[in-house]
Every structure is written in structure tokens, then in C-alpha cells.
Amino acid sequence: MSSNGKRKQFDATENQPLYGFMPRMVKADQVQKAMEHDLNAFTKTPHTPQYRRILEARKKLPVFAQMTEFYDVFTKNQIIVMVGETGSGKTTQIPQFVAYSDLPHTRGKLVACTQPRRVAAMSVAKRVADEMDVPLGKQVGYSIRFEDMTEPGTTFLKYMTDGMLLREAMNDPDLNRYSTIILDEAHERTLATDILMGLLKSLAKRRQDLKIIIMSATLDALKFQKYFTVGDTPAPLFKVPGRTHPVEIFYTQDPEPDYVEAAIRTVLMIHRAEDEGDILLFLTGEEEIEDTCRKIKLEADDLMSQDPDSVGPLSCIPLYSSLPPQQQQRIFDPAPPRRTPGGPAGRKIVVSTNIAETSLTIDGIVYVVDPGFSKQKVYNPRIRVESLLVSPISKASAQQRAGRAGRTRPGKCFRLYTEKDFMKELEEQTHPEILRSNLANTVLELVKLGVKDLVRFDYVDAPAPETLMRALELLNYLAALDDDGNLTALGSMMSEFPLDPQLAKMLIVSPEFKCSQEILTIVAMLSIPNVWLRPNNQRKEADAAKQLLTVPDGDHLTMLNVYNQYKQNQYDKNWAWNNYLSARALAQADNVRAQLERIMERFDIDLVSMEYQDPTKHYANIRQALVCGFFMQVAHKEGEKGNYLTVKDNQVVALHPSCGLDTQPEWVIFNEFVLTTRHYIRTVTDVRPQWLLELAPQYFDLSTFPDGETKRALQRALKKPRAGPADDQRAKKKKRVV
DNA sequence: GAGCACTGC
């Protein structure tokens, strides 16, 4: 159907639900009538009894009252910005409204709605499938990594993660399957959403038939409206009020020197003096949270023994992402009961990281305590280091935290900073992720997407040129881009792997070293959270268990060993538990490994191992393959104090205490740079300087290498005859005895 | 002798 041709009408007979509907010219009264119809508008089958009950609840959502206005704006514009506060119903309703207008099922198209998180995509899709009275995975589905819950040809409304849509765009830059794309939670400014906004802005010009809706929180709307300006006219705004309860905000008179101490004091003050209702306290990390929970419990016990009649019982529950799901569930437990009938009410206190700001909603919270800090990722392109820093939150973030107190009834938020600091010191918005990240991955994706000039790409917020330069430099050294910045065949293949470029490179070259099976495992293990468990009261036991699995040549090899042992023990959860390993993380590694293996097969990359053919060369070959990806993350030992210097960037670093090397080798590659009390390198493997010179000659070109001890050491290595891998093993053993 | 804010492919 051409856009200016005659539009087809659907449902030719008058008694059918979509009678009189014309795509993209649909009005609210038509839709409301169709919703009331005995037959399902999209499947033409009778509704189940629950449909009507759910419909009545939907009608009470604020967004429902503005359906007329929505269709008016949607029909007249290609791109709209929508603002809907919590409880407006935008995420569930707007995509359905769009479906009634686009009628995607009649023209083989889909409506997509992106979410920053997997759980959200899944749970919203389930809810909407119920509302539309269809089975999940049929007309309504979702698509997330490892799980495609859609049926080609049937699904016309698809919830998906933003990253997933970006992946699709890499193979279909015009996103032709979609009639409308909705970017939800755009204010969170994830890397994927930011890149998608740039792509969609230019795609809108090529595809006049594509409609785009940007959904965001109030504060950001104007920025998006301006970004999506057509001619001189900013994108129109469609605004829907939320449905939350008022939250009273309190500030401190003076700045608090110690926010943790102040937080504990405030929580106990609320417990003693305020009405019934649970408390949510925001802190920055695991250790701080566990510590604070202990202190709160001690103080609460004290209070209770002093004054048992006026202070109720209290439970204190930690919440952060690395907690096992079962323990995360505890936040939904009810507050402890009164000790005596008529006695003071019990109270639940949840002490949480930012995970409770966006990802998890706890009902029944009436009091929020906000010290005003969170750990945030920062990137320093000069030394190519991404690290986490405790930093002040933004006003938008503070507002979001306060809102958590008003979900079930009017609440109170105690900010542990002054009102003046809130007004003057806090930034309006948290810096978008694109300004705080290493962009190697993103740049490779953009080049694959056909973006020629990365510096002049139309970003919502442009990253620092130096960050882009660092990314281009890395990709050039990895041979993913040629010297003119064009994508190479290797780079094109690398972009298909859901991995950092270093890891993808390693994987692709691994057959040359006859160890692709092993590198596949190592890459999978590097892609998942830490597998080592270390419970507070069993540290010694956990360390001893780790020691038994450690390979002294390098942490990468230890990871390989852990996975292989897990496999040899039939993926047994009890085996994992007995060895202080996270069964959940290991299962994830297995899942990632299978996905990567499928991509390898698609590209005909050989899956080989020489573990049994030539065990002496086995580890040496793996270490050489590692060098092919990580030759830019090398450190050289300087002096005898355990200090290392990173090559070229000259950062003083030490081996992380979790490192399993039994000696301090002269040269190591590392996976991660950790910035805490000291500079550490984590996940480290012993390598030989000859490998660096042979496998990464452009990077280790001594004629352009900065002068210094590192260069001299490389020059010495160059003069030495190359020792075979077998010799290498023997030399190592000798060293260990000494 | 020390940590893993949170996501995502």
C-alpha cells in the first residue's frame, strides 16, 4: 500500500470489530467500540470472561482518558515525545493504541516497544498479552537475549530490550519489519537507547512510513523534542499525568560529614517517632550495605531492651544485584508482627543500592532515606580506564528516589543534604552512559551500521572526541578497522559477537592456536559475573577451595579449569556449592558459551582443541591466543616490590589480591583495571615478551615505542632466542621450586 | 590482602 494511494478498509461487514478502520486514520471512539466488541479485534475469536474485567481496570488508567488526544497527535506526526509519570499506564497502553492505528497484522508489520531491562520486557509483554486476551508469544511477544518469545507472521506487538533492537538494526538498517518503534524509558539514556535515537532520527527521513514515539520522564522531554525537530518545529509533546501519592521532602539543616552514620541515625529516628510504614534507605555498595544492616540491627536491639513498650520490632534487609534471587525476594516479606497485641507495629527496612531506584519496586514503602550518593561508572580516555566512583546523584535521581515513598500512600523522604546543596550542587540529570563509557564496542557497532563519520554522527549528547579516538585506535590495532577507518572483514565478523572487541578478536583467531574450544570457555567466563563465593563467616574455607582449582600460570586458565571441572561433574549444583562457586553464574557461562558457539558455527570458525594431542603446548597456545586480544592490556614488572607498570600508559598497578599467580611474572596481560584504594589489575595471566612482539608487531613496534624500562626489556627479549613452549613450562617449574 | 552501581547484546 503506497502512502498516497487509496487506503484499504478492514472488516468489510458492519458487525465485525474493525469495521470502518483505516490504517493510521483511526479515532478513539472507533477503538473504544472495538474494545467493547464481543470478538477480539485481532483474532476474531470471542473474548474470554477475564477480558472484560481487565478492560474495566485499564479504563481507569490516566492514559485511557486521553485516547482522543493521543490519536490526534499520533495521526498527524511522524515522531512524538510522550511524557507519562509513574502509574500513567503508558508502557502497557500506548503500544496497544498504536496497534489499533497501524493494524500491523494486516500488512505483515510489527510494533516494537523497547525497554532497558530484560525483566521489564518480559513482564510487560505478559501483562499486555493478558489485556489483549491472547497467549504470550503469539500476537504479543517479547525478544531478549537468549529468549525469543515471538512467532514470525503472528506476532505484531513486540516488547524487546533496547540492545536487541540495536542488534537487529545491524542486519537491517532500515528496520523494515516495523511500522512504529517506541523507545520507552528514554530518560534513562542507556547506551543502546542513545544510539537508537540517533539511528531513528536519520531513518525517519528515509522511511516516511515509520512512526517513532519517545517515552520519557518529564524533565527530559524538552531535550528530546528539540533533538527530533523537523524543520523549525520541535517534536510535539503528548503528556499524561501519573497516579502517585504526595511525598513530603525534608532536608538537613547542615551538610552531614558522614552519610552512613547520618543514615543510620535517621532510620532509627523514623523507627522511634514516625507512624507505621516501611523504610527504604539508599546506599552505594555491597560492603557498605551489609555493614549498615549489622549496625542498624545492633542499635535497634539496644533501643528495644531500653524501651520495649514503645519501640516495635524491626527487620533490616539488604538488597543489591549480586545477591542470589532467593535473598532478593526477602524484600517482599511483610514487616515483623507486633510483639504483643496492641503493642507498637513492626517495621521493615530495606537497605539498597540504586537497584531499587529503577529495576525493583517494593510496595509498602512510606519513608525514603536518601544520602544523595551512588556508585557511577566513569571513563578516563587518557589512561583507557573505566572505573566506579561514589558520586553525588542528580536531581532527577533524587526525585525518582523520593517517588519510591509514594506508591501506596502519602510518604516522606528524608534527604541527608541541605536544600541549598540540592538546588545548587546537584546536576539536573545523571550523565548519559555514552559520556561515561569506553566506546570500543559502540564504535564498532556504529561502523557496522554504516555510520561513516563517527565524530559528526548526530548524537543526543556527543561523547568526548578523545573517547572516540581511543575506540578507533583500539579497533585499528585489532585490525577491525583499516587505517582509513573502514570496517574490515574481520571487524564485520567481530561486530556480530555480543562481546567486547578484544574478546571477539581472541575468539576468531583462536583456531590458529588450536584452542577455540578453550577460548570459547574463557570468553564466556569473562562475560559473566564473578563465580567465586566468599561468605563472610567462611572466608578461609572458600579461599582453600579456590586454591584447589587455581592454575598458577594465570587466572584465565583457572577460569577454564573451573568450567571444565563443573562440566566433568555433570553441571552439578551441589558440586558448585561445595567448591564455593556460584551455580547460577556457571549456568550463565554455559548459556553464553552455547550462544557464542552458534555464532562461531555460523561463520565456519573451527571448533578445535589440542588438550589431548599435545598437552605440553596446550596452555602456552591458549596464552598466545589471549595475547591476540589483550596485547593492549599488558603490564611489566618494575623492581622487586610487586609493582607493575602498564605498557604505554605507565600506570603503576599491583596484582589484585584475588589473583592466583604463584609468582610475579615479568610480563602479564590483564582483563580489568580496578581503581580502589590502590590501582589493581584483575584476572591476570603470565605471558612471554616474544609473543607480544610476534603477535602484535604494530603495537609493539620498538621504533615508535616510548623510551623507558619497558622498551629496554622488550629489546632484551628480542635478542634472546625464542624458547619453545615446553621450555617455558620447565623454566616456570624451576622458578617455583626456588 | 581486597571487592562487584546497574544494565545490555
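Just so we're on the same page: letters track the sequence lines, and every chain starts at 1.
- As a whole-Å value, the separation of A:Ile144 CD1 from B:dT7 P is 13 Å.
- For residues 320-329 of chain A, proximity to DNA chain B is found at A:Tyr320, A:Ser321, defined as any non-hydrogen atom under 4.0 angstrom from a strand atom.
- Side-chain atoms of A:Gln429 and A:Arg189 form no donor-acceptor pair, as typed in the model, at a separation below 3.5 Å.
- For the pair A:Arg177 and A:Glu168, the salt-bridge criterion is met [side-chain N within less than 4.0 Å of a carboxylate O].
- When each of A:Lys546, A:Gln538, A:Glu541, A:Arg534 is checked for a side-chain hydrogen bond (donor to acceptor under 3.5 Å, both in side chains) with A:Tyr580, only A:Gln538 meets the rule.
- Counted by atom type alone, A:Ser495 and A:Ser492 present zero donor-acceptor pairs between their side chains at under 3.5 Å.
- The residue from A:Thr155, A:Thr150, A:Leu136 that alone fulfils the side chain to side chain contact (heavy atoms under 4.5 Å, CB included) condition with A:Tyr142 is A:Leu136.
- For A:Glu433 and B:dC9, the CD to P distance is 13 Å, given to the nearest whole Å.
- At least one side-chain heavy atom of A:Asp363 sits under 4.5 Å from a side-chain heavy atom of A:Arg407.
- The CG-C1' distance, from A:Asp162 to B:dC9, rounds to 10 Å in whole Å.
- Proximity of A:Thr353 to the phosphate of B:dC6: a side-chain N or O atom is located under 4.0 Å from OP1 or OP2.
- Taking 3.5 Å as the limit, the base of B:dG3 and the side chain of A:Arg682 contain no donor-acceptor pair of atoms between them.
- The separation between A:Asn354 atom CG and B:dA5 atom P is 11 Å, rounded to whole Å.
- Residue A:Arg539 is classed as a base contact, given a heavy-atom separation below 4.0 Å to a base.
- Across all strands shown, A:Arg117 has heavy atoms under 4.0 Å from sugar-phosphate atoms exclusively, and none from any base.
- Taking the centre and axis of the six-membered ring of A:Phe282, the NZ or CZ atom of A:Arg401 falls inside the cone set by 45° and 6.0 Å.
- Classified by interplanar angle (parallel below 30°, tilted 30° to 60°, perpendicular above 60°), the ring pair A:Tyr417/A:Phe422 is parallel.
- Place A:Gly285 and A:Asn441 on DNA chain B by their nearest nucleotides, and A:Gly285 ends up nearer the 5' end.
- Annotation: of the two residues near DNA chain B, A:Arg436 and A:Pro498, the 5′-most nearest-nucleotide partner is A:Arg436.
- Following rounding to the nearest Å, A:Glu287 (CD) and B:dG3 (C1') show an atom-to-atom distance of 7 Å.
- Distances shorter than 4.0 Å separate some side-chain N or O of A:Thr161 from OP1 or OP2 on B:dC9.
- Side-chain proximity of A:Ser658 to B:dA2, B:dC6, B:dA5: nearest is B:dA2.
- Nearest nucleotide to the side chain of A:Arg118, out of B:dT7, B:dC9, B:dG3: B:dC9.
- Looking at heavy-atom distances under 4.0 Å, A:Val674 makes contact with sugar-phosphate atoms alone, never a base.
- Among the atoms of the strands shown, base atoms are found under 4.0 Å from some heavy atom of A:Leu388.
- A straight line from CG of A:Asp370 to P of B:dA5 spans 17 Å, rounded to a whole angstrom.
- The residue A:Gln376 sits apart from the nucleic acid: no heavy atom pair falls under 4.0 Å.
- Closest approach to the A:Tyr680 side chain among B:dG3, B:dC6, B:dC9 is made by B:dG3 (side chain taken as heavy atoms from C-beta onward).
- Whole-Å rounding puts the A:Phe497 CZ to B:dG8 C1' distance at 18 Å.
- Taking atom CG on A:Leu661 and atom C1' on B:dG1, their separation rounds to 15 Å, with Å as the unit.
- Counting non-hydrogen atoms under 4.0 angstrom, A:Pro529 reaches nothing in the nucleic acid.
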